[in-house]
Number of protein chains: 2
Amino acid sequence: MPDRPAGGQPRVSQAKARLLRVLGHPVRVSILELLRDGERTVGDLQQALGLEASSTSQHLSALRSLDVLESRREGTNVYYRIKDPRTTDLLETARKIITTSLEDSQSLLAQLNDREATED
Amino acid sequence: MPDRPAGGQPRVSQAKARLLRVLGHPVRVSILELLRDGERTVGDLQQALGLEASSTSQHLSALRSLDVLESRREGTNVYYRIKDPRTTDLLETARKIITTSLEDSQSLLAQLNDREATED
DNA sequence: GTAGGATCTTCAATGGTTTGAATATTCTAA
DNA sequence: TTAGAATATTCAAACCATTGAAGATCCTAC
């Protein structure tokens with residue numbers, strides 16, 4: 001079994017990319033944030049997201065097909081939950097990276113403004 | 001300033017999604033893996049990736065535009081490096097999630113095979 | 001200083017993939 | 001069987017990746 005399939009990049013890179021890509025959508029990020037504190041029904045999620053039922057279901061199924069979510073049925077409702085808690089950590093890390101990056105540009109901006117005020 | 005822009009999902013979710021999506025491509029995952037141990041030139045990366053120069057440059061620029069990478073020029077070469085080390089952590093977390101998920105399906109498969117061998 | 005070569009980036013066109021919305025279908029509980 | 005809920009399918013529009021050509025930028029050597 002070759003490490004590098006026809007595509008070009010190694011299998012492991014491809015697997016990571018698949019996971020990150022499925023997480024890389026605003027609706028799906030919102031879903032994970034909603035599920036951070038525990039399971040919820042599809043109808044509940046749909047309402048919180050402000051989406052059509054069909055669209056909600058499609059995003060949920062994308063996440064489940066990569067094993068990010070799992071579901072159980074109870075009567076007429078289906079409950080979804082996050083399968084691996086490290087998925088939440090991953091999103092939290094993403095948040096930290098973004099925050100740092102924004103803080104850096106903020107402080108750069110402040111420096112530029114200071115300089116403008118004092119120079120010449 | 002509204003939390004929820006016209007798009008639908010909150011700004012924060014959108015920002016996270018942008019970051020995760022730019023990381024969600026096999027070539028860009030490979031780039032980050034190559035840069036894990038330190039900076040490298042574009043030509044070096046290009047060769048390791050097996051890509052066209054222009055394609056390499058565009059992936060690098062996508063990563064830089066979201067502040068994932070930074071670069072410096074030295075003579076005719078440009079060196080790229082990872083800006084925030086937590087980006088590496090994020091990829092590592094992704095790897096762990098995938099590994100666990102694969103192990104789970106492996107053991108499920110093993111159970112199925114055992115049952116097949118002993119039943120009837 | 002300027003011609004040539006090397007490295008990297010940008011641009012525009014193409015082909016492919018993903019998304020969103022609407023509709024149809026399946027599933028479940030009563 | 002019927003209503004309600006969830007999922008699957010479809011198709012047009014938006015988006016992304018790749019390619020090749022042209023454009024910068026910098027070094028070296030004459």
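Here is how names work: the chains are called A, B, and so on, in the same order as the sequence lines, proteins then strands, and each is numbered from 1. Worth saying up front: this structure is predicted, and the values here are computed from it rather than measured.
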Between A:Tyr79 and D:dA5, does any side-chain N or O lie under 4.0 Å from OP1 or OP2?
no

Could you tell me whether B:Thr41 contacts a base, only the sugar-phosphate backbone, or nothing, with contacts defined as non-hydrogen atoms closer than 4.0 Å?
sugar-phosphate

Check the surroundings of atom CD in B:Gln47: do more than 12 heavy atoms from other residues, nucleotides or ligands lie under 6.0 Å from it?
no

Given C:dT19, is OP1 or OP2 found less than 4.0 Å from the side-chain N or O atoms of A:Arg28?
yes

Separation between CD (B:Gln9) and NZ (B:Lys16), nearest 0.5 Å, reads 12.0 Å

Rounded distance (Å) that lies between atom C1' of D:dA6 and atom CZ of A:Arg40:
18 Å

Does B:Glu92 pair with B:Arg95 as a salt bridge, N-O distance under 4.0 Å?
yes

Answer with base, sugar-phosphate or nothing: what part of the nucleic acid does B:Glu52 contact at a heavy-atom distance below 4.0 Å?
sugar-phosphate

Any side-chain N or O of B:His59 under 4.0 Å from OP1/OP2 of D:dT19?
no

So does A:Asn77 get a side-chain nitrogen or oxygen closer than 4.0 Å to the phosphate oxygens (OP1/OP2) of D:dA5?
no

Short question: side chain of A:Thr93, backbone of A:Asp89 - any donor-acceptor pair under 3.5 Å?
yes

Between atom CG in B:Leu49 and atom P in C:dC8, what is the gap in whole Å?
13 Å

Just how far, in rounded Å, is P of C:dT19 from CD of B:Gln14?
14 Å

N/O donor-acceptor pair under 3.5 Å between A:Ser55 side chain and A:Glu52 backbone
no

With a 4.0 Å limit, can you tell me whether B:Arg21 has a side-chain N or O closer than that to the phosphate oxygens OP1/OP2 of C:dT19?
yes

Axis bend over the full length of the helix from C:dG1-D:dC30 to C:dA30-D:dT1, computed from five pairs that close each end, to 10 degrees
30°

Whole Å only: how far is the CD atom of B:Gln47 from the C1' atom of C:dC8?
15 Å

Is it the case that B:Asp67 and A:Ser101 place a side-chain donor and acceptor less than 3.5 Å from each other?
yes

In whole angstroms, the gap separating P of C:dT7 from CZ of B:Arg73 amounts to 12 Å

Given C:dT7, is OP1 or OP2 found less than 4.0 Å from the side-chain N or O atoms of B:Thr76?
no

Tell me whether A:Arg72 is salt-bridged to A:Glu70, with the criterion being a basic N under 4.0 Å from an acidic carboxylate O.
no

What's the CG-P distance between B:Leu51 and D:dT19, to the nearest Å?
8 Å

I'd like to know if A:Glu74 reaches the base of C:dA29 with its side chain, counting only an N/O donor and acceptor under 3.5 Å.
no

May I have the distance from B:Ile31 (atom CD1) to D:dA17 (atom C1'), rounded to whole angstrom?
13 Å

note: B:Leu45, atom CG; C:dT7, atom P; distance rounded to Å ~ 14 Å

Contact class for A:Gln58 (heavy atom, under 4.0 Å): base, sugar-phosphate, or nothing?
base

Counting only side-chain heavy atoms from C-beta out, which of D:dA6, C:dT9, C:dA22 sits nearest to A:Ser54?
C:dA22

Pair A:Thr100-B:Arg86, side-chain donor/acceptor within less than 3.5 Å:
yes

